[in-house]
Novice: 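Have a look at this one before I ask anything.
Note that this is a predicted model, so its numbers are computed, not measured.
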Amino acid sequence: MASTPTTDYFPDSEEELYDDEPSDLPSIPINYNRGRRTSVSAESMAPSQDKDYVKVVIPKTQEQRKRIENSIENNFLFKNLDEEQYKDVIDAMVEKRVSNHEQIIRQGGIGDFFYVVETGTFDVYVSKNGAPPEKVHSYGPGGSFGELALMYNAPRAATVVATSDSVLWALDRVTFRRILMENTSRKRKMYESFLEEVPILVSLEPYERHKIADALESAVYEDGQLVIKQGDIGNNFFLIESGEASVMKIDEEGIEHELPGLKKGDYFGELALLNNKPRAVNIKAKGRLKVATLGKKAFVRLLGPVVDILKRNSDNYETITRNARQQ
């Protein structure tokens, strides 16, 4: 089975979007095809600018709302929504009970809903170049599918079929796109403003900062909480949005040395990514610390223009470390 097929789910990276080789599993039975509508009306997708937009509110019991919350609590698409947006998602979701063998999404069809699995199982099939569909993925409780077609106004990239009697929560196209784009727009503006104040990034063009802003994710650490641990493998680059951090290094003799601390606009974690070496220091939150993080793939892809600067600064860091050991 392919590690990350191009079904109608959101990839973790741009590279994964094109990793879509199907597996050698059985093809979808021909009696799984069911008709679905093939056109939708156009909708405004400019966040906060559609005056005709009316929030969808489908009445629910507290028990139903709790079931939805349990189903989406670990879904990355919703983890950064604010309280109002989160409520709008739950208000708009509709329960859909499906039977074993029922087709939920048809490859090539128009995207109308995004689905979260509460109970049951689903198989994903992709047909390439007219060949019989082949199974490429499966979903169980907590899984979700259907977002790519909604996000990019593209036809469905795969067929999804229930393999047991199941319960789905469905979010309509307009609500999904409005909430997602509202959140993305707000996040981009916040990070672009922040990135303009980060000295290491002043040499970047605005469009390069746009890309970084879209890739960043926020994380919060409380006082004394460890952010990175000396000796660990490095997978993230960090920019401090607010607060301060302490930096400590343990030498070969087990003696801990304190290095200059970090504050808003400072960055850390790049050494392990630049040199493919374990983390060189311990970094802890000093009070409440908020950071923006960038994964390793995004770091390499988006920070290319400033890598030379980062490497020069890493040489300065080595000098600081040596001086600390001699104190």
Novice: Going through the checks in order, is the salt bridge (charged side-chain N to carboxylate O under 4.0 Å, His left out) test met by Glu69 and Arg67?
Specialist: CA-CA 5 Å; Glu69 290 175 2; Arg67 284 162 49 201; over 6 Å; no
Novice: State whether a side-chain donor-acceptor pair under 3.5 Å links Ser166 with Thr119.
Specialist: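 Short answer, no.
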Novice: Rounded to the nearest 0.5 Å, how far apart are CZ of Arg209 and CG of Leu302?
Specialist: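 It comes to 13.5 Å.
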Novice: Evaluate side chain to side chain contact (heavy atoms under 4.5 Å, CB included) for Met248 paired with Lys284, printing each intermediate quantity in order.
Specialist: CA-CA 8 Å; Met248 308 294 292; Lys284 293 182 179 181; over 6 Å; no
Novice: What distance do Lys249 atom NZ and Ile255 atom CD1 have between them, rounded to the nearest 0.5 Å?
Specialist: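 The NZ atom of Lys249 sits 13.5 Å away from the CD1 atom of Ile255.
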Novice: Apply side chain to side chain contact (heavy atoms under 4.5 Å, CB included) to residues Val89 and Ile179 and explain how you reach the verdict.
Specialist: CA-CA 8 Å; Val89 166; Ile179 290 175; 3.5 Å; yes
Novice: For Lys296 and Asn276: C-alpha separation, side-chain torsions, deciding distance, then whether side chain to side chain contact (heavy atoms under 4.5 Å, CB included) applies.
Specialist: CA-CA 10 Å; Lys296 187 171 184 178; Asn276 286 317; 2.8 Å; yes
Novice: Indicate yes or no for a side-chain donor-acceptor contact from Asn129 to the backbone of Ala131 under 3.5 Å, with no hydrogens or angles considered.
Specialist: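 It does not hold such a pair.
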Novice: Mind running side chain to side chain contact (heavy atoms under 4.5 Å, CB included) on Leu216 and Leu195 for me, showing each step along the way?
Specialist: CA-CA 10 Å; Leu216 288 172; Leu195 293 175; 4.0 Å; yes
Novice: Apply side-chain hydrogen bond (donor to acceptor under 3.5 Å, both in side chains) to Gln225 and list each qualifying residue two or more places apart in sequence or on a separate chain.
Specialist: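 So Gln225 forms no side-chain hydrogen bond (donor to acceptor under 3.5 Å, both in side chains) with any residue.
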Novice: Does the plane of the ring in Phe113 sit parallel, tilted or perpendicular to the ring in Tyr115? Use 30° and 60° as the thresholds.
Specialist: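 Geometry flag for Tyr115 against Phe113: tilted rings.
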Novice: Kindly determine whether Arg65 and Asp91 satisfy salt bridge (charged side-chain N to carboxylate O under 4.0 Å, His left out), including the steps that lead there.
Specialist: CA-CA 8 Å; Arg65 300 183 75 86; Asp91 284 344; 3.0 Å; yes
Novice: Is it true that the side chains of Trp169 and Glu118 contain a donor and an acceptor less than 3.5 Å apart?
Specialist: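 Short answer, yes.
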Novice: Strictly by salt bridge (charged side-chain N to carboxylate O under 4.0 Å, His left out), give each pair with a member in residues 158-167 just once, sequence neighbours left out.
Specialist: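 Applying salt bridge (charged side-chain N to carboxylate O under 4.0 Å, His left out) to every pair that reaches into residues 158-167, excluding sequence neighbours, yields nothing.
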Novice: Indicate yes or no for a side-chain donor-acceptor contact from Lys286 to the backbone of Gly261 under 3.5 Å, with no hydrogens or angles considered.
Specialist: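 Flag not set: sc Lys286 to bb Gly261 has no pair under 3.5 Å.
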Novice: Are Val167 and Val160 linked, directly or through other ILVMFWY residues, by side chains that come within less than 4.5 angstrom of each other?
Specialist: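 Val167 and Val160: separate clusters.
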Novice: Can you list the steps and then say if Phe122 with Phe145 is a ring pair (Phe, Tyr, Trp, His ring centres under 6.0 Å)?
Specialist: CA-CA 10 Å; Phe122 298 82; Phe145 53 88; 5.6 Å; yes
Novice: Quick check: does any side chain N or O of Arg288 sit under 3.5 Å from a backbone N or O of Val220, one acting as donor and the other as acceptor?
Specialist: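 Side chain of Arg288 to backbone of Val220, a donor-acceptor pair under 3.5 Å: no, none is there.
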Novice: With rounding to the nearest 0.5 angstrom, report the CD1 to OG1 distance, Ile105 to Thr159.
Specialist: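 Between atom CD1 of Ile105 and atom OG1 of Thr159 there are 8.5 Å.
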Novice: Using only atom types and a distance under 3.5 Å, with no angle test, would you say the side chain of Glu192 pairs donor to acceptor with the backbone of Lys189?
Specialist: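 No; judged by distance alone, with no hydrogens or angles, the pair does not exist.
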Novice: Is the shortest side-chain N to carboxylate O distance from Arg156 to Asp112 below 4.0 Å?
Specialist: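 Looking at Arg156 and Asp112, the cut-off is met.
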Novice: Tell me which pairs pass salt bridge (charged side-chain N to carboxylate O under 4.0 Å, His left out) where either residue lies in residues 223-246, with sequence neighbours left out.
Specialist: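 Applying salt bridge (charged side-chain N to carboxylate O under 4.0 Å, His left out) to every pair that reaches into residues 223-246, excluding sequence neighbours, yields Glu241-Lys290.
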Novice: Give me the one residue out of Val227, Ile283, Leu289, Val291 that meets side chain to side chain contact (heavy atoms under 4.5 Å, CB included) with Leu262.
Specialist: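 It is Ile283, the one option of Val227, Ile283, Leu289, Val291 that forms the side chain to side chain contact (heavy atoms under 4.5 Å, CB included) with Leu262.
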Novice: Establish, from distance only, whether the side-chain atoms of Tyr139 and Ser144 form a donor-acceptor pair under 3.5 Å.
Specialist: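 Ser144 and Tyr139 do not have a side-chain donor-acceptor pair below 3.5 Å.
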Novice: Please check this pair: side chain of Glu95 against backbone of Leu168, looking for a donor-acceptor N/O pair closer than 3.5 Å.
Specialist: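 Side chain of Glu95 to backbone of Leu168, a donor-acceptor pair under 3.5 Å: no, none is there.
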Novice: Side chains of Ser164 and Asn100 only: does a donor on one sit below 3.5 Å from an acceptor on the other?
Specialist: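 Ser164 vs Asn100: no donor-acceptor pair found between side chains.
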Novice: Check whether the side chains of Arg173 and Asn153 place a donor and an acceptor atom closer than 3.5 Å, and report yes or no.
Specialist: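 Arg173 vs Asn153: donor-acceptor pair found between side chains.
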Novice: Of Tyr267, Phe299, Phe268, Tyr221, which is the lone residue that meets ring pair (Phe, Tyr, Trp, His ring centres under 6.0 Å) with Phe238?
Specialist: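 Passing option: Phe268.
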